[in-house]
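In what follows, a single structure is set out as structure tokens and then discussed.
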Amino acid sequence: MPIPEDVTGDEIDKSVRQELQSLPKTLAEDVAKNLVMVARLLDEDPEQAYGYAKVALRLASRVAAVREAAGFAAYANAQYGEALKEFRAARRMTGGSDLWPVMADCERGLGRPEKALAMAGEPEVQKLDRAGQVEMRLVAAGARRDMGQADAAVVTLQSPELASSAVHPWTARLRYAYADALLEVGREDEARDWFARALEADQAGTTDASDRLAELDGVQFTDALDESEEEDEAGEVEGERPGAGEGPAKGE
């Protein structure tokens with residue numbers, strides 16, 4: 001796959017660059033460039049990112065960072081079985097537990113919420129940092145909802161991190177998930193409050209909390225462009241009335 005001229009491979013993290021040092025220099029550069037493209041495209045064009053991840057995997061399948069990148073690319077394309085395989089491979093190579101939450105979420109994607117929930121109770125969770133433990137809690141709550149246990153999902157999300165007024169990168173998503181769970185069990189007023197709190201913390205715009213709030217408040221947004229198009233159409237219809245049926249059809 002083509003690599004833009006502005007991509008040098010030096011953009012990757014230092015830790016990944018160190019992993020690639022086990023490869024011949026030219027090969028390491030090629031792998032690095034493909035990994036840069038995966039990171040660059042993962043959010044905006046996951047299908048393209050998946051293609052670059054496949055190239056990197058073909059070139060260096062024994063590098064943990066490559067297996068991890070391939071896992072995230074597959075995950076972004078809802079290829080949960082493949083993603084889980086790559087994450088497991090990366091974990092075997094590094095011995096770390098950082099990927100445990102996303103591995104559990106892959107189990108959910110494969111229709112195995114019970115397995116995801118079981119993983120939430122494994123010792124690996126205690127090895128995660130605070131952000132990882134919040135991610136695991138989000139996955140566990142999602143698994144509860146998958147299993148029809150909406151009230152249990154609400155309880156699962158109740159935690160010191162949720163109660164804290166401090167804002168972290170995961171705060172908006174945690175508050176949003178809690179609001180959504182509350183709404184599912186019919187606690188609408190509380191849900192509205194937590195959607196508002198999620199919006200306050202969502203500086204990066206990672207959630208649609210503002211839309212959910214508007215929906216709860218009964219606010220409807222109309223696209224200005226749609227309005228002008230409707231007015232134009234109305235004017236055209238009005239103008240056609242005196243000579244209806246005469247002249248060419250619209251677009252001819």
Side-chain angles (χ1 to χ4, degrees), residues 15-16 38-39 42-43 46 49-50 53 57 61 63-164 168-185 194 198 201-202 204 206-208:
S15 60
V16 178
V38 173
L42 195 60
D43 292 330
Y50 186 55
L57 191 61
S61 62
V63 175
V66 171
R67 302 302 289 265
E68 183 175 329
F72 277 110
Y75 179 80
N77 284 275
Q79 301 293 328
Y80 300 116
E82 184 177 344
L84 185 57
K85 181 187 72 173
E86 299 302 338
F87 289 143
R88 283 173 173 166
R91 184 169 177 268
R92 283 195 301 270
M93 292 174 180
T94 64
S97 297
D98 293 351
L99 296 171
W100 197 252
V102 72
M103 288 169 62
D105 207 37
C106 285
E107 295 287 1
R108 285 186 61 210
L110 291 168
R112 302 193 292 248
E114 298 87 353
K115 176 64 175 175
L117 201 57
M119 290 177 68
E122 293 290 337
E124 281 80 359
V125 177
Q126 303 307 315
K127 301 174 186 177
L128 298 170
D129 60 15
R130 194 178 183 192
Q133 291 187 3
V134 169
E135 288 297 328
M136 194 70 244
R137 190 176 292 276
L138 288 167
V139 173
R144 289 288 189 189
R145 293 180 69 173
D146 293 343
M147 298 163 65
Q149 301 173 4
D151 287 305
V154 171
V155 175
T156 298
L157 291 167
Q158 293 170 348
S159 62
E161 290 83 8
L162 180 68
S164 174
H168 300 277
W170 38 260
T171 300
R173 292 176 54 240
L174 180 60
R175 292 177 180 179
Y176 182 96
Y178 188 57
D180 201 37
L182 287 169
L183 193 60
E184 186 173 356
V185 297
W194 280 100
D202 195 5
T206 57
T207 74
D208 64 346

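In this chain, residues are counted from 1 in sequence order.
- In this structure, C106 SG and K85 NZ are separated by 12.5 Å, a value rounded to the nearest 0.5 Å.
- Heavy-atom minimum distance, A120 versus V125: O-CG2, 3.5 Å.
- Taking R88 as the reference, L84, R92, M103, E107 meet the side chain to side chain contact (heavy atoms under 4.5 Å, CB included) condition, with sequence neighbours excluded.
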Could you list the donor-acceptor pairs under 3.5 angstrom formed between side-chain atoms of residues 70-81 and any protein atom two or more places apart in sequence or on another chain?
| from | atom 1 | to | atom 2 | distance (Å) |
| --- | --- | --- | --- | --- |
| Y75 | OH | D105 | OD2 | 2.4 |
| N77 | ND2 | P46 | O | 2.8 |
| N77 | ND2 | A73 | O | 2.8 |

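- In this structure, the side chains of E122 and W100 come closer than 4.5 Å at one or more pairs of heavy atoms.
- For M147, the side chain to side chain contact (heavy atoms under 4.5 Å, CB included) partners are P113, E114, L117, Q149, not counting sequence neighbours.
- Judged purely by atom type and a 3.5 angstrom limit, R67 uses its side chain to pair as donor or acceptor with the backbone of S61.
- The backbone N or O of A152 lies less than 3.5 Å from a partner atom in the side chain of T156, making a donor-acceptor pair.
- Partners of D202 under the side chain to side chain contact (heavy atoms under 4.5 Å, CB included) rule, at least two apart in sequence or in another chain, are A172, T206, T207.
- S159 is linked by a side-chain hydrogen bond (donor to acceptor under 3.5 Å, both in side chains) to E161, counting only residues two or more places apart in sequence or in another chain.
- Taking E68 as the reference, nothing meets the salt bridge (charged side-chain N to carboxylate O under 4.0 Å, His left out) condition, with sequence neighbours excluded.
- In terms of heavy-atom proximity, R112 sits nearest to L110 at NH2-CD1, 3.2 Å.
- In this structure, the side chain to side chain contact (heavy atoms under 4.5 Å, CB included) partners of T94, at least two apart in sequence or on a different chain, are A64.
- In this structure W194 satisfies the ring pair (Phe, Tyr, Trp, His ring centres under 6.0 Å) test together with Y178, sequence neighbours excluded.
- Looking at L162 and R137, their side chains never come closer than 4.5 Å, going by heavy atoms from C-beta outward.
- Contacts of R144 classified as salt bridge (charged side-chain N to carboxylate O under 4.0 Å, His left out), with partners at least two apart in sequence or in another chain: none.
- Shortest non-hydrogen contact noted between S97 and K127 is OG-CD, 3.6 Å.
- Taking the salt bridge (charged side-chain N to carboxylate O under 4.0 Å, His left out) definition, one finds that D146 meets it with R108, sequence neighbours left out.
- Closest approach of A53 and A69 over heavy atoms only: CB-O, 4.3 Å.
- To the nearest 0.5 Å, the span separating CG on L138 from CD on Q133 amounts to 12.0 Å.
- Contacts of Y50 classified as ring pair (Phe, Tyr, Trp, His ring centres under 6.0 Å), with partners at least two apart in sequence or in another chain: none.
- Among residue pairs with one or both ends in residues 169-184, those qualifying as salt bridge (Lys or Arg N to Asp or Glu O under 4.0 Å) are E135-R173, R145-D180, R145-E184, D180-R212; sequence neighbours excluded.
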